[in-house]
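The block underneath contains the structure these notes are about, expressed in structure tokens.
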Amino acid sequence: MNCKAIIAVLGAVLCTILLLLAPARVQAAAGTKVVCVSCHSTLPGKYGEPVALWQGSIHAESGIACNSCHGGDPADAANAMSPARGFLGVPKERDVPAFCGRCHVGVEKDYRASAHGRALGSGGPNCVTCHGNHAVVKASLQLINEKSCSRCHGFERARLIREAMEETEKRMAAMEGKIATFRGRGVDTERLEKGLFALRNSYRSLFHNVDVGMVRAESERIRGELERLDKILRKVDEAERVRKLAGVAVVASLLLAALLFSLLRKSYD
Ligand code: HEC
Ligand code: HEC
Ligand code: HEC
Ligand code: HEC
Ligand code: HEC
């Protein structure tokens, strides 16, 4: 085979791979194959607005389209919004937690048990009050701010929660950095990383309880766990120092032996 033929074959293989990948990716990324998106993007006002808001959301990014939330048939424009195809319509305020909770099961459970969940329908916030409906972005402690949280009550309890959680987040980030430097030195840190990952996940699910006492207790527990990880790292450091010292001792004794040997030989010569 000459050079041209090889290039042609490689080109064909590459094209086939791209063709196989492209439709799925375009569909997931832009939702062009979802009829809800193509029709609603042509509608004015409140029926069209959700499209642009949703496009920048973590849901769009994760392949959660209109029909994932509202139900219906995303492949059949004529019957897309037929209840027979599972179309749910727009949830009433009281039904929002169950609507979102189909996927966010743990969050819904914590929320329902909280002061907020208990006040649902009588002045308590629902998921959309804090996260929005279509422009949902990755959640963070920034959501706990004076403007949002003092719509219904004072900010004081919210501030206590935010401060405790921020401090703990900071410590977890510092530990992550520390573990990374150990990994860089060639230490096997897989178990430590897994431990920290689990801590982070359990801590992130804490907020919806909106319980100052619980946040404090959990923050204490996490700090204890971080101490424990830190101790393990200090032991690794210690073991390395001992190994280095032992290495130095071995080299020194070998040098000494060589010196003695050459002295002995000289004295016999
Ligand atoms: C051919 C155009 C078209 C398609 C396809 C379409 N919609 Fe609609 N949709 C509309 C129009 C027009 C309205 C407003 C009038 C109405 O409620 O029928 C609407 C209303 C809605 C509403 C608000 C209903 C309410 O009670 O206020 C939701 C939610 C909705 N659509 C979601 C979807 C979802 C999800 C899909 C895909 C499974 C979809 N739509 C597909 C045209 C469309
Ligand atoms: C993460 C879930 C979710 C996704 C994804 C989603 N929606 Fe919604 N949508 C909601 C919720 C919740 C409401 C009710 C809003 C409220 O209570 O504030 C709603 C309300 C609506 C309404 C009624 C607006 C009004 O003011 O009456 C329309 C129309 C609509 N959505 C269309 C869409 C379309 C079109 C898409 C896709 C581009 C989409 N939605 C994607 C959750 C979602
Ligand atoms: C059909 C399933 C589904 C429904 C219904 C749904 N979501 Fe999601 N949501 C996801 C997926 C998948 C992700 C991205 C992966 C993840 O972070 O869990 C996500 C991510 C999120 C995030 C970011 C999580 C993070 O890690 O920071 C928030 C906040 C969120 N959703 C809120 C909502 C709200 C509010 C509703 C209701 C209006 C809703 N979701 C309805 C599936 C869903
Ligand atoms: C009072 C405001 C508020 C309400 C109500 C609320 N959230 Fe949140 N949510 C937050 C805040 C603040 C965070 C960030 C917590 C953190 O970063 O530790 C968050 C985090 C999340 C996350 C990511 C956490 C994780 O464990 O991955 C999801 C998903 C989520 N919320 C979904 C929901 C759903 C679904 C509802 C309704 C059942 C809801 N939220 C109700 C404020 C709220
Ligand atoms: C839509 C109104 C509303 C919004 C917005 C709201 N809350 Fe609340 N919150 C309530 C109600 C109602 C209660 C129960 C009565 C009370 O304790 O004030 C409550 C109670 C609380 C409590 C006390 C819980 C307990 O068990 O004692 C905390 C803490 C709290 N909210 C934090 C927050 C934070 C943080 C935010 C912002 C991310 C927020 N709230 C936003 C309505 C709201």
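All residue numbers in this chain count up from 1 along the given sequence. This one's a predicted model, so the numbers in the text were calculated from it and none came from an experiment. One-based numbering, in listed order, for ligands and for the atoms of each.
- Shown in contact with Met165 at under 4.0 Å from a heavy atom are these atoms of ligand 4, numbered in order with element: 18 (O).
- Of all atoms in ligand 3, listed by their number and element, those nearer than 4.0 Å to a heavy atom of Arg102 are 5 (C).
- Residue Ala65 touches ligand 2 through its backbone alone, judged by heavy-atom distances below 4.0 Å.
- Under a 4.0 Å criterion applied to the non-hydrogen atoms of His116, ligand 4 contributes the atoms 1 (C).
- Interface atoms of ligand 2 facing Tyr47, defined by a heavy-atom separation under 4.0 Å, are 29 (C).
- The cationic atom of Arg200 (NZ for Lys, CZ for Arg) does not lie both less than 6.0 Å from the six-membered ring centre of Tyr203 and within 45° of the ring axis.
- From the protein, the heavy atom lying nearest to atom 2 (C) of ligand 2 is Cys69 SG, 2.0 Å.
- The closest protein non-hydrogen atom to atom 16 (C) of ligand 4 is Leu141 CD2, 3.7 Å.
- Judged by distance alone, with hydrogens and angles left aside, the side-chain atoms of Arg102 form a donor-acceptor pair with the main-chain N or O of Cys69 at under 3.5 Å.
- For the pair Gly101 and ligand 4, no heavy-atom separation below 4.0 Å is found.
- Within the 2.8 Å limit, His208 places at least one N, O or S atom next to atom 8 (Fe) of ligand 4.
- With ligand atoms numbered from 1 in the order given, ligand 3 contributes 20 (C), 21 (C), 22 (C), 23 (C) to contacts under 4.0 Å with heavy atoms of Ile58.
- Side-chain atoms of Pro97 and Tyr111, non-hydrogen and from C-beta on, do get closer than 4.5 Å to each other.
- Every atom of ligand 3 is numbered from 1 in the order shown, and the set under 4.0 Å from a heavy atom of Ser62 is 14 (C).
- Interatomic distance, CG of Asp230 versus CE of Met175, reported as 4.5 Å (0.5 Å rounding).
- If you check which protein heavy atom lies closest to atom 26 (O) of ligand 2, you get Lys46 CD, 3.6 Å.
- Within the cation-pi definition used here (under 6.0 Å to the ring centroid, within 45° of the axis), Arg157 does not qualify as a partner of Phe155.
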Test salt bridge (Lys or Arg N to Asp or Glu O under 4.0 Å) on Asp237 and Arg185 and set out the steps.
CA-CA 11 Å; Asp237 255 345; Arg185 275 159 45 187; 3.0 Å; yes

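- Close contacts of ligand 3 with Val136, meaning ligand atoms under 4.0 Å from a residue heavy atom, involve 28 (C), 29 (C), 30 (C), 32 (C).
- Nearest non-hydrogen protein atom to atom 42 (C) of ligand 4 is Phe207 CE2, 3.2 Å.
- Across the listed options Ile64, Asp95, Asn133, Asn126, Asn133 owns the non-hydrogen atom lying nearest to atom 11 (C) of ligand 2.
- Of the candidates His104, Lys138, Glu108, the one placing a heavy atom closest to atom 40 (N) of ligand 3 is His104.
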Before you tell me yes or no, could you show the steps for Thr129 and Arg151 under side chain to side chain contact (heavy atoms under 4.5 Å, CB included), namely the whole-Å CA-CA distance, both residues' side-chain angles and the distance that decides it to 0.1 Å?
CA-CA 10 Å; Thr129 318; Arg151 279 178 278 176; 3.7 Å; yes

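- In this structure a side-chain-to-backbone donor-acceptor pair under 3.5 Å is present from Arg162 to Ile144.
- Here is the list of ligand 4 atoms found below 4.0 Å of a heavy atom in Ile144: 12 (C).
- With no hydrogens or angles considered, no side-chain donor-acceptor pair links Glu146 and Ser150 at under 3.5 Å.
- At least one N/O/S atom of His131, whether from backbone or side chain, sits less than 2.8 Å from atom 8 (Fe) of ligand 4.
- Comparing Cys127, Ser205, Pro97 against atom 38 (C) of ligand 4, the shortest heavy-atom distance belongs to Cys127.
- Using a 30° and 60° split on the angle between ring planes, His116 and His153 fall in the parallel class, below 30°.
- Of the possible polar contacts, none joining the Asn201 side chain to the Ala198 backbone as a donor-acceptor pair under 3.5 Å is found.
- The neighbour count for Arg265 CZ, taken as heavy atoms of other residues, nucleotides or ligands under 6.0 Å away, does not exceed 12.
- The protein heavy atom nearest to atom 1 (C) of ligand 4 is Cys130 SG, 2.8 Å.
- The closest protein non-hydrogen atom to atom 27 (O) of ligand 4 is Arg204 NH1, 3.7 Å.
- One N or O on the side chain of Ser41 and one on the backbone of Ser38 form a donor-acceptor pair closer than 3.5 Å.
- In this structure the side chain of Ser205 never reaches within 4.5 angstrom of the side chain of Val107, judged on heavy atoms.
- At a cut-off of 2.8 Å, Cys100 does not coordinate atom 8 (Fe) of ligand 3 through any N, O or S atom.
- The nearest protein atom to atom 13 (C) of ligand 2, hydrogens excluded, is given as Pro91 CD, 4.0 Å; this is a heavy-atom distance.
- Backbone and side-chain nitrogen or oxygen atoms of Ala139 are examined, and one is located within less than 3.5 angstrom of a nitrogen or oxygen of ligand 3.
- Counting only distance, with no hydrogens or angles, the side chain of His40 and the backbone of Tyr47 share a donor-acceptor pair below 3.5 Å.
- Here's the thing with His59: one of its N/O atoms is less than 3.5 angstrom from an N/O atom of ligand 3.
- At the shortest separation from atom 33 (C) of ligand 4 among protein heavy atoms lies Val107 CG1, 3.3 Å.
- The single protein non-hydrogen atom nearest to atom 14 (C) of ligand 2 is Val90 CG1, 3.7 Å, given as residue, atom name and distance.
- Ligand 3 places these atoms under 4.0 Å from at least one heavy atom of Ser68: 1 (C).
- Heavy-atom contacts of His40 reach the following atoms of ligand 2: 35 (C) (cutoff under 4.0 Å).
- One N or O on the side chain of Ser114 and one on the backbone of Gly117 form a donor-acceptor pair closer than 3.5 Å.
- When hydrophobic clusters are built by joining Ile, Leu, Val, Met, Phe, Trp and Tyr residues whose side-chain heavy atoms come closer than 4.5 Å, directly or via intermediates, Val96 is not grouped with Leu88.
- Less than 4.0 angstrom separates some heavy atom of Phe99 from each of these atoms of ligand 3: 5 (C).
- Contact between Glu61 and ligand 3 is absent, with no heavy atom of the residue lying under 4.0 Å from the ligand.
- Residue contact check: Val128 has heavy atoms under 4.0 Å from atoms 12 (C), 18 (O) of ligand 2.
- At a threshold of 2.8 Å, atom 8 (Fe) of ligand 2 has no backbone or side-chain N, O or S atom of Cys66 nearer than that distance.
- Under the 4.0 Å distance rule, the nearest protein heavy atom to atom 30 (C) of ligand 3 falls inside the cut-off.
- Residues Phe99 and His70 bring their aromatic ring centres within 6.0 Å.
- Remark: side-chain polar atoms of Arg171 are not paired, donor with acceptor, to backbone N or O of Glu166 under 3.5 angstrom.
- The CG atom of Asn133 sits 11.0 Å away from the NE2 atom of His59 when rounded to the nearest 0.5 Å.
- Protein heavy atom at the shortest distance from atom 28 (C) of ligand 2 is Pro50 CG, 3.9 Å.
- Looking at Val250 and Leu254, their side chains come closer than 4.5 Å, going by heavy atoms from C-beta outward.
- The part of His70 lying near ligand 2 is the side chain, judged by heavy-atom distances below 4.0 Å.
- Considering only non-hydrogen protein atoms, atom 6 (C) of ligand 2 sits nearest to His134 CD2, 3.2 Å.
- Checking Cys103 against atom 8 (Fe) of ligand 3, every N/O/S atom stays at or beyond the 2.8 Å cut-off.
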